[in-house]
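Values below: all heavy atoms of this structure, side chains included; hydrogens, waters and symmetry mates excluded.
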Amino acid sequence: MTFFKRYLLPRIIQYLVVIFIGTTVVFVVPRLMPTDPIQQTIERVTMQGTYIDPDAVEELKETLKELYGLKGTLFEQYAIFWKRLFRGDFGPSFAQFPTPVMELISISLPWTTILLLLTTLLSWVIGNILGGLAGYFSHYRWARILEGIAMFIRPIPYYIVALGLLILFAFIFPIFPVVGGASIGSEFKLSWNLIIDIIEHAFLPALSLIIVGTSTWFITMRLIVSNIVTEDYVSYAQSGGVSNKEIVFHYVIRNGLLPQITGLALSLGQIFSGALITEQVFSYPGIGTLLYRSISTGDYNLMMGITILSIIGIATGVLIIDIVYPLFDPRIRYE
Amino acid sequence: MGQEIKLLDIKNLVKVFTIGSGFVKSRITAVDNVSFDLESGRSEIFTLAGESGSGKTTLARIILGFIEPTSGKILYKGKNITEIKGRKEEMWFMREVQPIFQNPFETFNPLKKVDSYLYETVVNYGIANKREDINSAIDEALNLVGISFQEIQGRYPHEFSGGQLQRISIARALITKPSLLIADEPVSMVDASLKMSICNLFKDLKEKQKVNVIYITHDLATSYYVSDRIAIMFRGTIVEIGPVEKILIDPKHPYTKILRDSVPEPDPEKRWKEKIKLSSFEEREFLSIGCKFADRCPYVMDICKKEAPNDIILDGVTVKCHLYSS
Amino acid sequence: MSVLKVKDLKSYYISEVFGIKRTVRAVDGVYMEINRDEVFGIAGESGCGKSTLIKTLLGMIKPPLTIVDGEIYYDFGDKKFNILSLNPDESRKIRWEYISYIPQSSMSVLNPVRRIRDTFKSFLGAHKKFEKDELEGLVKEHLSALGLPTEVLNAYPHQLSGGMRQRVTIALASILKPKVILADEPSTALDVVVQRGVIQLLRNIQEEQKNIIIIVTHDMGIHANICDRIAIMYAGKIIEEARTDEIFKHPLHPYTTYLIGSLPKIGDKSYRVSAPGSPPPLSNLPNGCSFHPRCPYVMEKCKKEFPSLLNVEDEHRVACFLVNKEDDNGARD
Amino acid sequence: MFSTIKTLFKYNKKFAFGFTVISILVFLAILSFFSPYDPKVWNLTPRDLPPSIQHPLGTTSMGQDVFWLATYAIKNSLFLSIISMFISRIIAIAVGLVAGYKGGSLDRILMTLNDSFVIIPLLPILILIASVLKGGLNIVNLGILLGFFGWAWDARVIRSQILSLREREFTYTARLSGMKTSSIILKEYLPFIVPLIMATAMNNMLWAIGMEVTLAILGLSSLEIPTLGTMIHWSVNSQSLLLGIWWWILTPVIICIFLFISLYMLSVSISEFLDPRSRLKRIEVMKE
Amino acid sequence: FTQVAPQIPRNETIIVDILGGRVVNPKRFNSWVIGVSSGTDSGIQQLMLEPLWCVEYAKGRVLNVLAKEPPIYNKDFTQMTVKLREGIYWSDGVEFTADDVIFTVETLKNKPGMSYNTEFNMYVDKISKTGKYTVIFDLKQPNSRFHTYFLDRWGACRFMPKHIFEKVEDPLKFDFYPPISLGPYVLKDVDPAGYWRLWERRKDWNRTAVGKMYGMPKPKYVLFIYYGAPEKKAMAQIKHELDMCDLTMESFRAVLQQNQYARGYRKDFPWVVNIDPCITGITLNNAVSPFNIKDVRWALTLAIDIVDTIGIAFDGAATMGALLIPPTPAYLRWYYRPMETWLKNFALDIEVDGKPFKPYDTNAPYRLAEYCKKRGYTVPPESQIKNVFGYGWWKYAPEVATKLLERQGFKKGADGKWLLPDGKPWKITITTGTNPAHPQYRNGFAVAQQWRKFGIDVEVKTSETAGTEGTYGKYEAITTWPAQEPWGGHPDLYRTFSAWRSKYVKPVGEAAIGAAGYISRWSDKKLDGIIDDMEKTAWDDPNLTKLGIEGLKILVEEMPSIPTFGYPGVVGWDEYYWTNYPGAENSYQQPYHHWPNFKFMLPYLKSTGRK
Ligand SMILES: Nc1ncnc2c1ncn2[C@@H]1O[C@H](COP(=O)(O)OP(=O)(O)OP(=O)(O)O)[C@@H](O)[C@H]1O
Ligand SMILES: Nc1ncnc2c1ncn2[C@@H]1O[C@H](COP(=O)(O)OP(=O)(O)OP(=O)(O)O)[C@@H](O)[C@H]1O
Ligand SMILES: [Mg+2]
Ligand SMILES: [Mg+2]
């Protein structure tokens, strides 16, 4: 009870405040942009070659304003926005009017979240374990080689890594497909074939994310571990003849993970805003492209839907980590 | 009202820390209704001793104004120190009361030359502002602790031994000519032989500079050697207070007795005979309502577990124990 | 018969920081011989190389610590070896079964994120295979023998008081009944009452298991209380070594005299003189006897040569030209 | 200063490597001022030439000399990252120091702000702002923008360092020596967090360069200004990978790698050098 | 043999690229909502829905598709009669009749938010039928071009099946999935992630307009797929996994290099489609100083070396156009050729060497051919040069440009850079989009260089929101289309000219009515008059061309925006499975798979028989 009042409640209030600020920012910033969704719609119509009678344009604009809910002052719109948000409704997409934003998101979201969830976790685990090993056994040649590889991969722009993989494994050695999340004609019923097919399509995007993610976590972990190995408890365990395996995993990596946990929470939260470049390079269905497109088409509702989801995701991730952190670090108390 | 103003007058001081541990929150009364005073006009060395965690450091930090007491009053030269506000009053108080810390290596920023602290102190307190005046003020303070300015000039903390650093730390504190030094375990980190030289220094300062010292220690032998009065703390309360000769030669309180007996005598013929019982879960004792020592007391009586004992004055010594209450 | 024999041991900290070389001669020519069933104390000012000596005796040599010279022979009857010539695997096996170690500060030596139980498991598991419940039983039994509640097994280090943590490290060091326990200041930073408990504990263990305890502390009271023999170290060397009562009664080296003489006693307020000056840095020792700058009896010879540790009388050895008047530089075994 | 570099150079391989590479890169950046080609003009050389004596790194499909283009790219990317680094460091240090030392409600407000910055998804916001600034994202603007977004995490780290320094006894000594808050922060704490600042500064530079590359790849930065990002953008869009014009794409990528590794090495070695522990050792030794 | 998917043999399938990218809302086929594209170009407009008429610009004509014949207007253009083709059926077997047309127009008219809602409310008074196949529109006000709402030119009012939509409560929200089709193909499968849509030929293909017009479309399946960025399309085409696609010049080169079966619109240099009915160029903001000065606009034009521009932008592979209409064969025939003499004699009111300066340069295409030769390309024979590279452009005459500017008070500073009349440095920002494959984008960079060379400080600003900046007039020069596109297959220029009608000019800061043309915020009294005349002229009146020429003359004199070259469409065709694409040598149809006309191409394709 006191835990709730003294710790959880203020923390949750802060959580809500942070989300409120973030949401308000994403509400306001697009409205400061020069793009106007009505204008964008009209441009879309005319740029494609459809001829709108110039005399009809003004009326058309009014109609669209009405339909898109963009009438009224900024503040009125803001009030309506919150009212809708509480019902879990982000409103209709403009570019895909009148399809609800939620529906569009739900088409793309599963693809990205599963891909990113798995790759984020995997690269975190692999990166930290390898980083821990390389940090502890830093005098061995293999540790140096690993470090060299990570140092080499880390700075390559992700786009290049991804494109390189794609060209290598989908083009020069056509092992993996070039496009999409599943094969043409797949039936979306749960079956082995479908799962294998989906894995096959997700393999390269996942690999690229894992390679880059792993090397990033590796480098940070390597640095953290170089400090941990000088800790007294490590030398004490060594003096006690504790096996290297035990020391690496239960002493070095275990303690080194603590600072990495918050980082994990942040990157897990980010899976809701997608991985734009991965999606673009591998033509992988996902929320990143959707977000990017919503920005360029001035689709406020869609853009806000996705960013708010992402803000809530990150904030919740951090909140959960804050609450469960004592499980990982018994020294931390709620204070 | 005609009453003489004391140098330091502590009345019913209480400090409660709240620590929420997991789902349970606990309160620790680190300082529990402590009262004592130091007379002005004479200088003395006053020892605060007791087991670890009994609130000595907390008490010292309250007196120094680093933490706020939960309740109670501390009057320094008649001024309530919790009401000190503004830089001017603060500077006055810091000029009067200076601390000496336990770990001489931590007292100074290891990345800075030690003389910079002496210099800062002189300048900030407006003791001198011309270069040569500053130097002579520093030199003067250092002379009191038996070090010359040349010895320390331009050197970093790591270039000194613990004893030297502790002396420099004392010298720095003495620059403002304080009336009260609060020394929290000033010798626990230095070598056996240096320990005595610092104790001798305290004695010296008391006599020559008329400085009062609150000397906090575990080491009863040195406290016997340097101090005039001693207060024994146990779990936040002072269980026994009085002249050091009386208390350490003939302890009244059962805890003082155990404490006294646990001091290893540097004499192979006086090895410990009987065994003592160590408590395993100390927290429990904080929560009990009666005498906090009751769990470990060899003379425990029924009343001890129900009622907290009151102060009893006995032969110039004030003691908190039911054994003497009749 | 001697179990441990140390010959001319020199272990230095040799480091190079950004081009600046530095050698700290932390242990600089130490000879030692310790017999079965003996509590051997090492005293000396802080920074004189006590911990380094202990680490070397354990064979924990990690850069920058370097063994420059010397041998450390252990003779356990069934096993004889020079610990400095073992390979890492062998020395890992020796530890805890034959030689164990109680570190100087218990604050930071326990893994903060593991329960005490797991620490026991990993220390013991590394040396012996245990049946599922055997280990737990053994640990519980040992803990209660040491007066520790079994609840500590479920606790994390930070939940224990300093005294309990120190007792845990003692329990860890003694549970496999090693032949030698190296205790590096096992009771500093403890409350006097707790310290007393811990020292008693060590003594009990020694009485029960009949092992050698080498205990380092600069609290002479502790030495007086527990040790059979005491060595006094100064600047990386042993300068005096004798039976406990002998040292306290007849200290011979000027430094030892100061040390013993300056010890305060309750009930005695007479003025104590302490050794003037402060100990020299080990990386830059004066020529000759390292104590000579502080010695009131300094002679010309002291500034040039180092006196060797010689027998003065039965089991009392001193390194001082005041005592060892005759020039005896004979080799020793 | 110079002797410090000399010492580091002589005794730290990482520094020697990082410093050499960075010096070469800086030299190349300076070389851009003497370039015979205007980077904004196309068709100045024949197109798609492989490396040769005349064009040491070949030419692009737009008829530019890759080597000279790269000198501009290095200059601009470094410049951008330095702007970003300075701005974000100023904010991070100010917020971290103030929040850490002052504590209380100021700390809470600053940290809530900080958290909000941490959780806002950066890329979309950058893309948004890139369009608010109407694509006029020249090097300076982009640097300022990135600087403005790159401080939150580091401010947190600095704050926690200050929190632990605040508990150290020398803080009290300083206070009792009559030092004011500002001088305690500047004189007592800053020396401790300098290595941290150095390390995060290098990291921020790398992050800024990476962000620029991402924005450029998306076509959102000013593509006429040669930077590592725009070089990659143009070469990728001109299909240099498929057409086998490897010299064009590889140049910025390899520069990125070298820049990263050298900055990383510099950061590691300089923080090692400035690290209180190693500084103490040196102080100790040099005096003896 | 290869399969595209289970039971879909590769050799019976043609795989084409979706130009618009991934379909965000893949299971939505309702394309009657204003401004919404749920993958219209992934089969909906090509294979599923049919217009009444369709523009065909390869030959320059209008095809009757669902309509049996061109529209019939009454005298004052207040009534339009449409005769429908008979025997056309929806893919579910229901016949397409006048009822579907009437239902569609009424539904759109009654529901705000649906496309053509505003227009139909403005014009349609009553819609009725006389018999099953004749529809009569009674108009509220005269409109000689009312039928163009049903004329497909990438977008037209197409019809909804009455028998489906009449049961729907809200036609806005209805997804129309699975859709039924009026075209020769019907949807077979769709990617839930939106990357592809697979269509199958209708068994009753002969009951569709296409079938009746050209016979059976050859591929049994059409797969519309979006592979992603150009390099991926190229990779797919190299692997024979993409038969027709829209590429960038460089990715096309990569395809040619690695796929021996690949070809472009032309089999040889310059490969590109030069019959695209769009002209590229630089739109100038005539509402902003100094672009409101005619001399400045002309100076900027003469400061451009078109050969260098095309060289930089497309390495020579484009057709230059001096007029604000596309230089496609049809427009060359209708306007460029008839105007050639006038153009040659046209002079600016400035004298060079004592003679009025005649800016038209007939030599430019030959210079461009020279450039291409130098680049190592095989250039078409002399006779073909005008068709391939264009008829001519404006002279590269910086010295005349200098004179024009100096006449307006501009000066050159000490550093050789131009200063505005008020002495401030002249700095032009060219705004462009972010797609580097687009000619817009390349034009921006190429022209920037020309002007820089001329001594103006130019900055190119790429912007996601270039379109919006144009609409609000917040730009100086922008590379979006410089003029409203004409019909493409009909000489009427009403559509192009009306963007410059004075009543539509909006001040800076206020949104222009449309994009191309409108945003240049220029107008001219004489042109207004011509537009008024056009309104009163029937669609098939030969006078329309005369009016067009008069209008174009005004545009040349005033140069409100600068045309550069026709949109060079880069299409890659893989002849591994299919041949007989409508290439330059056999231009039987427009060549784009993303245009509605794609369906007319399908009956001509030939299978190679490769498995
Ligand atoms: N800031 C704090 N928050 C919570 N509890 C505290 C705090 N400071 C001290 N305590 C608790 O208050 C009690 C008294 O601590 P204090 O440091 O005053 O003891 P001490 O007598 O100085 O001990 P030692 O001899 O070990 O220095 C201890 O139980 C300690 O854990
Ligand atoms: N890792 C190290 N590198 C360099 N010098 C060291 C290192 N560890 C210890 N030293 C130095 O070696 C000397 C001996 O250290 P040691 O820890 O053995 O002393 P000690 O007698 O145990 O002191 P204490 O009583 O403080 O524990 C000291 O001067 C110390 O500064
Ligand atoms: Mg304390
Ligand atoms: Mg030690």
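Atom CG of Asn43(D) sits about 5.0 Å away from atom CD1 of Ile312(E), to the nearest 0.5 Å. Atom CZ of Arg253(E) and atom CD of Gln239(D) lie 10.0 Å apart (nearest 0.5 Å). Atoms OG1 and NE2, from Thr462(E) and His233(D) in turn, are 7.5 Å apart once rounded to the nearest 0.5 Å. Separation of atoms NZ (Lys461(E)) and CG (Asn138(D)) is listed at 11.5 Å; rounding is to 0.5 Å.
A salt bridge does not link Lys453(E) with Asp38(D): none of the charged nitrogens is closer than 4.0 Å to a carboxylate oxygen. Using a 4.0 Å cut-off between a side-chain N of Lys or Arg and a carboxylate O of Asp or Glu, Glu250(E) and Arg47(D) do not qualify as a salt bridge.
Taking the six-membered ring for Trp and the full ring otherwise, the centers of Tyr441(E) and Trp234(D) sit less than 6.0 Å from each other.
Around OH of Tyr366(E), the count of heavy atoms belonging to other residues, nucleotides or ligands within 6.0 Å exceeds 12. More than 12 heavy atoms of other shown residues, nucleotides or ligands fall within 6.0 angstrom of atom CD in Glu510(E). Taking a 6.0 Å sphere around NZ of Lys427(E), one finds it holds more than 12 heavy atoms contributed by other residues, nucleotides or ligands. Atom CZ of Phe79(D) sits in a sparse spot, with 12 or fewer heavy atoms from other residues, nucleotides or ligands closer than 6.0 Å. Taking a 6.0 Å sphere around OH of Tyr37(D), one finds it holds more than 12 heavy atoms contributed by other residues, nucleotides or ligands.
Per-residue counts of heavy-atom pairs under 4.5 Å with chain E were compared for Glu224(D), Lys40(D), Met62(D); the largest is that of Glu224(D). The candidate with the highest count of non-hydrogen atom pairs below 4.5 Å against chain D, out of Ala229(E), Ala234(E), Ala446(E), Ala254(E), is Ala254(E).
Heavy atoms of Ser251(E) lying under 4.5 Å from chain D belong to its backbone as well as its side chain. Contact of Tyr475(E) with chain D is not made at all, since no heavy-atom distance falls under 4.5 Å. The parts of Glu231(E) that come within reach of chain D are both its backbone and its side chain, each placing non-hydrogen atoms under 4.5 angstrom from that chain.
Between the side chain of Gln449(E) and the backbone N or O of Trp42(D), at least one donor-acceptor pair lies under 3.5 Å.
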